[in-house]
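Note on naming: letters A, B, ... go to the chains in the order of the sequence lines (proteins, then strands), and numbering restarts at 1 for each one.
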Amino acid sequence: MEQYSLFNENKKEESGQEARDDLAVFLPGSRPVPAADYTLRELAFDVEATGVDPLSDRVVGIALCREKGRACYVPLRHLSGPNLPDALPLLKGALENASVAKIGHNLKYDILILRKEGIRAQGALYDTMLASYLLNPNKPGHSLGDVSLEYLSHRKRAYTEVAGKEKSFAEVPPEEATRYAAEDAELAMELRDILFPLLRERGLEKLYFDIEMPLLSVLIDMEEVGIRIDTGKLEKLSRELERELGGIEARIYALAGETFNINSPRQLGKVLFENLGLKPGKKTKTGYSTGMDVLEELAKAHELPGEVLNYRTLHKLKTTYADALPKLLNRKTGRIHTSFNQTVTATGRLSSSEPNLQNIPVRGEWGIRIREAFIADEGHVLISADYSQIELRILAHMSGDRGLIDAFSRNSDIHARTASELFGVPIEEVDAGMRRIAKVVNFGVVYGMSPYGLSEALGIPPPEASAYIERYFSQHPGVRDYIDATIQAARRTGCVSTLLGRTRPLPEIGNSNANVRQQAERLAVNSPIQGTAADLIKIAMIRIAKRLREGGFSTRMVLQIHDELLFDAPGHEREGVTAMIRHEMEHSLALSVPLKVEIGWGGNWAEAH
DNA sequence: GTGGTCAGC
DNA sequence: CGCTGACCACT
């Protein structure tokens, strides 16, 4: 790839002139270019920046490619020149031109960082990372290196390996940077030409253009907006947790007769099972298990395990939430900006990281206090909208089971109804214990339950769990037949798919090892359900974002937590957007059962829930 | 880097 | 029994 050129007025290399001609075609109204009738229809680009966080870092340069075989790089802020800062406003024209399609790998990053330069990319988005994900969501990574290796047999060099210890791309001299940056833009172009025809062949084109591509823009907005946090509240909480932990720690040491690291499962195992002589329940690969279920069992025989459970809970809340969240405040916005990853899960769900805002505590006194630290903007409220039993409703639709459809059509308490069937009592006579078991069984169905798994979850012997499962399926033949048919189809095709055609390959479905095969069979049951729920909320997000935008609302979607959406809304917009949000969520897909959404609001996330 | 544990859906 | 990510200890 020696034809990559550097936009550099001072450079007299052969490709210099041609490179500037390339630049000219990106710029409406600029001087004529040799091929005067040439219209730029699409542009692959790759933004190089000082780091990997688009909300804190600055652009260093931009690589461009408009056709395979040639690409160029515009250095903007390298520490050592030459830089072409004047090129940025020129590039803005092409990037903001909606009739120029944008091609890139992980466009969310590039588009977010360009926004800080006042550039708002428009037009169709061909993201090769998203395409790779739809083609194989099982793939462990979808970096440009991973995808190029698989589809182009191209081994991409990382600039850091070549440049040595450089930390920021700004420290790489422009001429050297050109080799790597321009290659990335061209790789995106080459991958687009391979992956998008594949999407079409595999029937995934609609999923891309109707769901993942528009969702990408929604996620960009959500990440940019972020969410407000009351750091003072978290700091106070942290100090209280510190005090509590100190007390528990002292009691644990007194009970143990020695000090040790409570956070070390190995040291804890030694204290519990060797020093105190308690009975080990389960084992792990490396030694005694000290998991929650084991400690709960041991708590019946000794005080210490209960204290450890309490210690673990509070320590987790302190380190993972109370202490960690304030550190991730963005200095410019004063808010927390998570990263929503669109290409991680095997089922089509999103994931959230740095920080993960999809696992903020919701239960318990201390957990609720952490949610109270997620607050609305001044004069705003947080609105939480979550789907009620979305996965069971999807199972009802996909299986066509009469009992489930009937239950949801009547809007009955599904767990109580299952309990009434399992225990053979009228629904009014279902007690809390029966309902608890039924709830676990209902979850089990969605997870592709096995007697062993259900027995573990309920803490009962496997034969008893088997009896529940058999009873459930005898009363829900539609579900049983659906599961059988799904596994059959998976054996035949090697994959399963959601209502919208999102597929997940199941390479182990015909494995000769029973454990491995049964694991794949559980995935065959669960993935279409979990994945359809993911499709459904994605559609709702796209439609809600569109209506908020077109309606000129100031309400912003801020978080998605799998079956819940969280909004930050001015008080006066609350009633109006609540009705709209409910409508869009309940009608994102027409199923054979109604969808139900529960909505709450308040000054903080705990109140809204 | 891996495994154990636990926060969420 | 499904899907994640973060923190900790330990090698």
Looking at DNA chain B, which of residues 296-324 of chain A put a heavy atom within less than 4.0 Å of it? A:R312, A:T313, A:K316, A:Y321
Base, sugar-phosphate alone, or nothing: which one does A:S455 contact when heavy atoms must sit under 4.0 Å apart? nothing
Would you mind classifying the nucleic acid contact of A:G444 as base, sugar-phosphate or nothing, using non-hydrogen atoms under 4.0 angstrom? base
Give a yes/no on whether any side-chain N or O of A:T284 is located under 4.0 angstrom from OP1 or OP2 of B:dG4. yes
No-hydrogen, no-angle side-chain donor-acceptor test under 3.5 Å, A:T338 and A:S352: yes
Looking for any heavy atom pair under 4.0 Å, which part of the strands does A:V525 touch: base, sugar-phosphate only, or nothing? nothing
Base, sugar-phosphate or nothing for A:A465? Non-hydrogen atoms, less than 4.0 Å. nothing
With sugar-phosphate meaning primed atoms plus P, OP1 and OP2, does A:E391 contact a base, only sugar-phosphate, or nothing at under 4.0 Å between heavy atoms? nothing
Exercise: identify the closest heavy-atom pair between A:E224 and A:H337: O-CE1, 3.0 Å
Would you say A:T290 reaches B:dT5's phosphate, i.e. side-chain N/O to OP1/OP2 under 4.0 Å? yes
Mapping A:S352 and A:R349 to their closest nucleotides on DNA chain C, which lands nearer the 5' end? A:R349
Base, sugar-phosphate alone, or nothing: which one does A:L454 contact when heavy atoms must sit under 4.0 Å apart? base
I want to check one thing: is the phosphate of C:dC10, taken as OP1 and OP2, less than 4.0 Å away from some side-chain N or O of A:S264? yes
Interatomic distance, CZ@A:R251 vs CD@A:E303, rounded to 0.5 Å, equals 9.0 Å
Strictly below 4.0 Å: does A:S351 bring a side-chain N or O up to OP1 or OP2 of C:dG5? yes
Without swapping roles, check the side chain of A:N138 against the backbone of A:P505 for a donor-acceptor pair under 3.5 Å. yes
Do A:H315 and A:N263 have side-chain N/O donor and acceptor atoms under 3.5 Å apart? yes
Hey, does the side chain of A:Q560 come within less than 4.0 Å of B:dC9's phosphate (OP1/OP2), counting only N and O? no
Parallel, tilted or perpendicular: which one describes the rings of A:H415 and A:F443, with boundaries at 30° and 60°? parallel
Considering just the side-chain nitrogens and oxygens of A:Q267, establish if one lies under 4.0 Å of OP1 or OP2 belonging to C:dC10. yes
Between A:T286 and B:dG4, is there a contact of a side-chain N or O with OP1 or OP2 at under 4.0 Å? yes
A:L523 near the nucleic acid: base, sugar-phosphate alone, or nothing, with a heavy-atom cut-off under 4.0 Å? sugar-phosphate
If we ignore hydrogens and angles and just use 3.5 Å, is the side chain of A:K108 paired with the main-chain N or O of A:F340 as donor and acceptor? yes
Which one, C:dC3, B:dC6, C:dC1, comes nearest to the side chain of A:M292? B:dC6
Check whether A:H397 reaches the backbone of A:L591 with its side chain - one donor and one acceptor, N or O, closer than 3.5 Å. no
Considering just the side-chain nitrogens and oxygens of A:R504, establish if one lies under 4.0 Å of OP1 or OP2 belonging to C:dC3. yes
Dot-bracket notation for DNA chain C is requested: 5' to 3', Watson-Crick or G-U wobble pairs only, both distances under 3.5 Å, with ( ), [ ], | and . as defined. .|||||||||.
Specify the residues of residues 357-375 of chain A, ordered by number, for which at least one heavy atom lies under 4.0 angstrom from an atom of DNA chain B. A:Q358, A:N359, A:I360, A:P361, A:V362, A:R363
Work out which heavy atom in A:A545 is nearest to a heavy atom in A:M557; give both atom names and the distance. N-CE, 3.9 Å
Ignoring backbone atoms, establish whether A:R266 has a side-chain N or O less than 4.0 Å from OP1 or OP2 of C:dT11. yes
Side chain of A:M449 (C-beta onward), nearest among C:dC1, B:dG3, C:dA6: C:dC1
